[in-house]
Undergrad: 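Submitted below is the structure of interest, expressed as structure tokens.
Computed from a predicted structure; not experimentally measured.
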Amino acid sequence: QNQKKGDASFEDLMLRIKKHILDNCIRTKEFFEKFDCLRRGFITTAQFLRGLDAIGVSGLHRLYIAQHDVIKILKNYEDPLDVDRINWKKFCDDIDEVFEIK
């Protein structure tokens, strides 16, 4: 694992985002599905970044995420057939686990 000191693992990064979503009662799906006109579960990278920004996850908002960590998220959820598309549905499913009762 090529992790620099102070560089969050993907799992730690997702836990931070889940905590932010839970603490602020954010419905992530509502921020991303409006970009997905064809309802296929994929949107462009730019649209995904706008969605993250809208939920307060970026270098500018309440939950600061460094650019290299944003890239980790993009790489993890990119469409294997088209690297310019992001699987927002999988991202939301992973984030919304925080609301499921086990």
Undergrad: Determine, stepwise, if the pair Asp69 / Lys72 fulfils salt bridge (Lys or Arg N to Asp or Glu O under 4.0 Å).
TA: CA-CA 5 Å; Asp69 286 332; Lys72 281 183 202 172; 3.2 Å; yes
Undergrad: How about Phe48 and Phe35: do any of their side-chain heavy atoms sit closer than 4.5 Å?
TA: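 The answer is no; the side chains never approach within 4.5 Å.
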Undergrad: Are side-chain heavy atoms of Ile43 and Phe91 found at a separation under 4.5 Å?
TA: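 Of all side-chain heavy-atom pairs linking Phe91 with Ile43, none is under 4.5 Å.
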Undergrad: Please lay out, stage by stage, how Thr44 and Arg85 fare under the test side chain to side chain contact (heavy atoms under 4.5 Å, CB included).
TA: CA-CA 4 Å; Thr44 68; Arg85 290 192 322 181; 5.5 Å; no
Undergrad: Run the side chain to side chain donor-acceptor pair (under 3.5 Å) test on Asp96 and Thr28 for me, step by step, so that the C-alpha distance in whole Å, both residues' side-chain angles and the decisive distance to 0.1 Å come before the verdict.
TA: CA-CA 8 Å; Asp96 289 347; Thr28 54; 3.2 Å; yes
Undergrad: Donor-acceptor pair, Asn24 side chain versus His20 backbone, under 3.5 Å?
TA: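 Flag set: sc Asn24 to bb His20 pair under 3.5 Å.
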Undergrad: Okay, side chain of Glu33, backbone of Glu30: is any donor-acceptor separation there less than 3.5 Å?
TA: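 Side chain of Glu33 to backbone of Glu30: no pair is present.
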Undergrad: Has Arg16 got a side-chain atom pairing as donor or acceptor with Glu11's backbone, closer than 3.5 angstrom?
TA: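 No: the side chain of Arg16 does not pair with the backbone of Glu11.
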Undergrad: For Lys18, I'd like to know if atom NZ has over 12 heavy atoms of other residues, nucleotides or ligands within 6.0 Å.
TA: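 Counting neighbours around NZ of Lys18, more than 12 heavy atoms of other residues, nucleotides or ligands fall under 6.0 Å, so yes.
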Undergrad: I want to check something: taking the side chain as every heavy atom from C-beta on, are Asn87 and Asp79 in contact at a cut-off of under 4.5 Å?
TA: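 Sidechains of Asp79 and Asn87: no contact.
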Undergrad: Quick check: do Tyr77 and Asp94 have side-chain heavy atoms less than 4.5 Å from each other?
TA: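 Yes, at least one pair of side-chain atoms sits under 4.5 Å.
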Undergrad: Please answer whether the main-chain N or O of Phe32 pairs with a side-chain N or O of Arg50 as donor and acceptor at a distance below 3.5 Å.
TA: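 Absent.
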Undergrad: Once rounded to the nearest 0.5 Å, what's the spacing between atom CD1 of Ile71 and atom CD1 of Ile65?
TA: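 The CD1 atom of Ile71 sits 12.5 Å away from the CD1 atom of Ile65.
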Undergrad: Could you tell me if the side chain of Ile17 sits less than 4.5 Å from the side chain of Ile73, heavy atoms only?
TA: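 Of all side-chain heavy-atom pairs linking Ile17 with Ile73, at least one is under 4.5 Å.
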